[in-house]
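Heavy-atom basis, side chains included; hydrogens, waters and symmetry copies ignored.
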Amino acid sequence: MGPKEKKKKKITKAEQLKQLQEEEEKRLKEEEEARLKSEKEEQERLEKQRIEKEKWQQLEKKDLQRRPEELEELYSLEECFPKAEKLKQDTRSLSQQASTLADLDTGNMEKIIQDENVTLYVWANLKKNPRYKSVKFSNTQIGFEIPKILATSDVALRLLHTHYDHITPLHAVRAPLVPLVPLVPCVPAGAELSKREVKSTTEAVGQEDQEVYKPQERGSVFIQEGEIKAEEQNDPEVQMTSVKKESKATEVELEMKLLSESVAEAQLDLIKNAPEKPEVSENKEVDLCQFTILGGVYHLDILELPPQCKPVKGWMMVEILKEGLQKFTYPPEITEDFDTENAFPPIEVTLQVHEKVTFFEEPVVARWNAQGKYWQTDGISGVYYTPEERLISFSLETFGPITLMQDTHINMPYQSWELRPLDENKVLLTVTTVFTEIQIQIQENLCMLSSVKIKDKEHSSALEGKWMTPIPFISALKETGLNIFPTAYSHFYVVINNKVPLVEMKAYRQMALLSSAFAFGWSKWNTLCNSTNVVFKVREHLSDEHTETPNWELYMFSGDRAWRLKIEEESESFSEALGEKTEFHSTLFHMVKDFASKEAIEKVRRSSCQFIDSVCYLLLSTRVLSYS
């Protein structure tokens with residue numbers, strides 16, 4: 001016999017009531033939790049709506065405040081468009097008159113209209129010959145390889161090359177603005193200057209910059225009690241005259257002190273690195289912090305050929321379309337009757353690189369995404385670049401704005417640099433990179449591109465010999481591809497020898513002060529010292545004579561202390577040991593003063609303030625101590 005089956009235990013009525021009671025309590029508890037959760041979600045939703053409403057109101061207020069400035073800036077940008085619009089109108093007129101401008105050899109029409117900043121290429125397909133697939137504009141290498149369907153259609157090809165970029169939104173470039181020096185508040189004449197007033201005004205400049213320029217005892221602008229001589233206190237007239245003179249002197253000194261601190265703050269902002277890397281919304285989007293647009297924008301369009309002129313009894317009749325020129329969609333939206341892969345192949349395009357632009361590597365070809373408002377690289381294939389002929393060819397799936405880009409940091413980090421005096425208030429800054437050597441002359445408040453060498457050969461540039469103020473000069477160099485100016489985001493893309501911004505800024509300021517009579521140069525030991533110190537070569541330079549073995553000395557600077565090193569550039573190992581018969585100094589000026597000639601010191605004292613400021617700005621913009 002098998003094992004006996006266990007009898008099911010019978011549940012008593014009391015146990016059933018208890019079980020029902022527990023289930024009811026559980027149900028009530030769940031309902032209460034659900035109610036509380038619903039109330040909490042409703043409160044969170046209302047709070048979120050309140051925050052969003054406040055945020056929206058703040059944004060509207062901010063928009064109203066900056067609207068005049070933005071509209072003014074927009075107006076200045078829109079002044080670039082009339083010439084391009086005029087050429088578009090010319091395109092419409094040319095398209096309608098294409099039959100009268102047809103080429104005798106091919107039977108099709110082509111026209112080139114060139115201006116200083118805009119070039120227009122137009123080709124109209126009049127013959128519709130399926131064997132004529134190569135389009136090349138006269139006396140140029142620019143052209144297209146079109147598929148059979150376009151070669152047999154009533155279409156016109158338009159290439160509008162604007163030598164500037166007016167498509168990319170300004171915010172997308174993410175370039176840090178040039179810091180402006182804030183205006184120094186003017187102290188009314190005769191006003192009482194208490195310590196508390198001066199302190200509150202100074203604190204407004206910024207805590208960080210007060211550390212840069214702490215007031216020294218000798219240069220103090222405060223009126224201390226008890227400074228007036230006893231015999232002058234007894235004479236009321238002398239006392240009033242003395243107080244007025246000291247009040248006026250104090251006012252001037254205070255303004256100069258506040259201005260100095262404001263300038264230091266602006267200069268420090270130039271070399272501060274951004275804490276976070278800019279985000280790119282999609283993988284196919286081009287990061288405009290990593291790449292720079294060069295040579296403007298190429299607008300490629302396929303247009304439907306409008307009705308042509310017809311001679312009628314001595315008159316030329318033409319049908320005017322109300323809607324104007326219409327774009328020809330390629331490939332068409334409806335492709336059911338076609339084998340898409342064979343019928344609509346990519347169009348091969350050949351472009352001429354702008355003569356003023358320098359590419360050190362094969363350009364990156366990107367097309368504009370009108371919906372997303374960004375540049376992207378998909379839909380482009382078969383890129384081939386011939387630097388000797390300055391031609392680039394590629395296959396394009398759809399027409400639209402096209403541009404050429406280069407790595408923004410292709411010349412970073414630098415291999416070496418040198419700042420050398422040429423004459424009074426005139427220096428030469430040389431920056432050597434992997435691809436090029438760039439020489440920049442600085443004189444008074446102007447800069448000029450002196451020479452460019454690529455692979456040790458002279459390279460002609462349209463900027464050579466043109467004097468400009470520093471900011472336009474830097475912009476012009478960037479636009480031609482000679483970019484040696486890092487941005488606040490560059491440290492995310494370049495391995496650099498990052499220095500403390502305050503130390504770096506102080507070094508550039510003092511190098512600029514001495515640049516009239518002293519040469520400075522790159523040292524390999526700068527990468528071995530820590531971030532709180534910088535090392536560079538220094539020598540007195542009063543004449544333009546070159547020597548094979550210049551007498552360089554190595555100096556270390558920490559922002560508040562300078563000293564000459566015992567080691568040389570050719571030494572086997574790095575050491576911070578102090579050079580023989582030398583001592584510490586608080587500034588570079590006093591450090592070199594121990595060994596400099598009287599002529600050199602006098603030349604430094606005669607330096608123009610505009611010249612010193614321009615040299616300092618170029619050093620701050622290139623950041624040679626961190627990016628080499």
Side-chain angles (χ1 to χ4, degrees), residues 80 83-84 86-87 90 110-123 135-144 157-168 291-300 348-367 375 380 383-394 396 401-408 410-411 433 435-440 447-468 472-485:
C80 299
K83 288 184 179 179
K86 183 178 182 299
L87 288 172
D90 293 341
E110 68 172 54
K111 190 72 175 178
I112 301 176
I113 302 177
Q114 192 165 4
D115 199 351
E116 182 181 358
N117 296 316
V118 180
T119 306
L120 175 67
Y121 304 85
V122 180
W123 176 84
V135 178
K136 186 173 291 185
F137 291 93
S138 301
N139 302 321
T140 71
Q141 297 296 319
I142 298 174
F144 307 91
L157 300 179
R158 179 179 67 186
L159 168 58
L160 177 63
H161 179 202
T162 56
H163 303 172
Y164 48 85
D165 172 23
H166 60 280
I167 289 184
T168 310
F291 293 94
T292 301
I293 295 173
L294 297 179
V297 178
Y298 301 83
H299 303 260
L300 306 176
E348 294 184 15
V349 182
T350 301
L351 299 178
Q352 184 90 38
V353 176
H354 196 288
E355 58 183 4
K356 296 181 180 179
V357 173
T358 301
F359 281 98
F360 298 99
E361 291 180 342
E362 182 180 281
V364 175
V365 185
R367 64 183 182 90
W375 294 98
I380 300 169
V383 179
Y384 181 73
Y385 178 55
T386 53
E388 297 80 11
E389 299 178 0
R390 302 180 65 82
L391 294 175
I392 184 166
S393 59
F394 51 89
L396 189 64
I402 298 293
T403 193
L404 306 180
M405 297 184 175
Q406 180 170 257
D407 186 353
T408 303
I410 195 168
N411 288 315
T433 73
F435 294 98
T436 182
E437 178 187 279
I438 299 175
Q439 291 189 335
I440 301 170
C447 304
M448 179 191 74
L449 181 63
S450 179
S451 71
V452 179
K453 291 182 180 179
I454 298 179
K455 297 180 181 179
D456 297 329
K457 294 182 180 179
E458 292 292 336
H459 175 76
S460 61
S461 173
L463 295 179
E464 287 185 36
K466 295 183 179 180
W467 290 96
M468 291 179 274
F473 174 75
I474 291 173
S475 298
L477 277 185
K478 288 181 177 180
E479 290 173 0
T480 58
L482 303 175
N483 190 1
I484 52 171
F485 308 100

Checking [X] now: which residues fulfil ring pair (Phe, Tyr, Trp, His ring centres under 6.0 Å) with it, not counting sequence neighbours?
X: F473; result: none
X: F435; result: F360
X: F137; result: Y121
X: H459; result: none

Among all residues two or more places apart in sequence or in another chain, which pass the side-chain hydrogen bond (donor to acceptor under 3.5 Å, both in side chains) test with [X]?
X: T480; result: none
X: S461; result: none
X: T403; result: none
X: N483; result: none

Please identify each residue that fulfils side chain to side chain contact (heavy atoms under 4.5 Å, CB included) with [X], with sequence neighbours left out.
X: S475; result: none
X: K453; result: E437, E458
X: E389; result: T386, L391
X: E348; result: E145, S395

Judged by atom type as modelled, is there a donor-acceptor pair below 3.5 Å linking the side chain of H163 to the main-chain atoms of E116? yes
